[in-house]
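Heads up: the structure comes next, in structure tokens.
Predicted, not measured: the structure shown is a model, and the values here were computed from it. We name chains A, B, ... by the order of the sequence lines, and we start the count at 1 in each one.
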Protein chains: 2
Amino acid sequence: MKLNEQQQKFVHTWGTLGTNWGINKTMAQLHALLMISEKPMSTEQMMDTLQISRGNTNMNVRALVEWGLASKEMISGDRKDFYSAKKDIWVVARQIAKQRRKRELEPVIAALVELKGGTEVNRENEELLNRVNDIEDFALKVDKMLEKFEKSDENWFYKVLLKLV
Amino acid sequence: MKLNEQQQKFVHTWGTLGTNWGINKTMAQLHALLMISEKPMSTEQMMDTLQISRGNTNMNVRALVEWGLASKEMISGDRKDFYSAKKDIWVVARQIAKQRRKRELEPVIAALVELKGGTEVNRENEELLNRVNDIEDFALKVDKMLEKFEKSDENWFYKVLLKLV
DNA sequence: TTGTACTTTCAATATTTATCGAAAATTAAA
DNA sequence: TTTAATTTTCGATAAATATTGAAAGTACAA
């Protein structure tokens, strides 16, 4: 697939954004590419278009599948695997929220709970316990919110926004 | 400042968390340390406690100040600079939201707007324009939400949560 | 089976990011 | 001023992360 100038810019921009969000460039660029491609793409096509290696393509496209942002497709009459992306940004946002909750929030909550369990309540640990309690409380709230978001739709989000603003 | 076992664990945990959130380990550990310290700390004390170099300490403590997560304090009779952290987790969360909005969201919105501006509306770019519009729309909504969050307090957040869940 | 098209793995390499430590710059007391 | 204490900068180095490319693995048609 040969990209025109605007399409290249988009892929590039999305790649940079990914970097800022802790997603690696290749993964984000593959995602961008699949989002603007009308047909599912093969590994070869993706390698060609983005000028990256086979291994890199394979690893990152599978990461996308694991994140629920792309899916493997079979095209009859062809032995290759093809991939396409979820194009609905709300679905994408929810999948990302899900991953981040799992990877960034849950471990902290677990760690804080464990920390509290082993901490003696005395003058020396007072400040520590205050901090841990506050953070845990906050983390649990954010966790709940994300959980809700994961299960909701665009319409819900829009309503919430109206209430807030 | 000599940390007891629990305090060390806390600093360590917060450091790991920071890493997952794209904040470097030292910055997060310094923040944790200042959060559980009852008194403001000097560069020396922080270096000692965390076993890190002067340069590293200086750079990261200044990053904390820049993020609004710590502040410089003068202690009369001492020439050194001392630092202390915001201890209210709500304040901390809001400051982080502010930074992330500025660094991760605003550049995307700008890039998308620019991209749209230079894109010819034709069959070839149809998919691209759809994606860009959707993403822009979503990004603007999130941006609004974060903006609101930045200006609100714990109580507001709690109310919102009640409505949602 | 065997050969072929395709996918996956992984050690080597490159790139990016964080950290150190010593020199330079700044600040404030003498 | 001069001097000493302290902070900041920055090139060198280390650590972490991403990417390559070739070899190994898999699946499927003949």
Could you state the atom-to-atom distance from [atom1] of [X] to [atom2] of [N] in whole Å?
X      : N       : atom1 : atom2 : result
Q51(B) : dC20(C) : CD    : C1'   : 13 Å
D81(B) : dA5(D)  : CG    : C1'   : 12 Å
R54(A) : dA23(D) : CZ    : C1'   : 13 Å
M47(A) : dA5(C)  : CE    : C1'   : 14 Å
M46(B) : dT8(D)  : CE    : C1'   : 14 Å
I52(A) : dA14(C) : CD1   : P     : 19 Å
I23(B) : dT17(C) : CD1   : C1'   : 15 Å
K72(B) : dT6(D)  : NZ    : P     : 14 Å

Both M59(B) and M27(A) contact DNA chain D. Which one's nearest nucleotide lies toward the 5' end?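 Going by which nucleotide is closer to the 5' end, it is M59(B).
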
Tell me whether the side-chain N or O atoms of R79(A) pair up with the base of dT4(C) as donor and acceptor below 3.5 Å, since no angle test is needed here.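 Yes, a donor-acceptor pair under 3.5 Å.
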
Pick the nucleotide of DNA chain C nearest each of K25(A) and K80(A); which residue has the one closer to the 5' end?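 On the 5' side of the pair lies K80(A).
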
Between T43(A) and T19(A), who's closer to the 5' end of DNA chain C by nearest nucleotide?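 Between the two, 5'-proximity favours T43(A).
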
For residues N58(A) and R62(A), is any side-chain donor paired with an opposing acceptor at under 3.5 Å?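 Side chains of N58(A) and R62(A): pair found under 3.5 Å.
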
Looking only at side-chain N and O atoms, does W90(A) offer a donor or acceptor that is under 3.5 Å from a partner on E154(A)?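 W90(A) and E154(A) do have a side-chain donor-acceptor pair below 3.5 Å.
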
Output yes when at least one side-chain N/O atom of [X] is less than 4.0 Å from OP1 or OP2 of [N], else no.
X      : N       : result
N56(A) : dA18(D) : no
N58(A) : dT8(C)  : yes
R62(B) : dT9(D)  : yes

Any M46(A) side-chain heavy atom under 4.5 Å of Y83(A) side chain: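 Yes, their side chains come closer than 4.5 Å.
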
T26(A) has a side chain; which of dT19(D), dT6(D), dT8(C) sits nearest to it?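 The closest nucleotide is dT19(D).
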
Can you figure out which of dT7(C), dT7(D), dT19(D) approaches the side chain of S53(A) most closely?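 The closest nucleotide is dT19(D).
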
Determine, stepwise, if the pair K98(A) / E147(A) fulfils salt bridge (Lys or Arg N to Asp or Glu O under 4.0 Å). CA-CA 8 Å; K98(A) 195 173 178 176; E147(A) 204 178 0; over 6 Å; no

Please report the closest heavy-atom contact between E120(A) and L129(A), naming both atoms and the distance.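 Looking at all heavy atoms of both residues, the shortest contact is O-CD1, 4.1 Å.
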
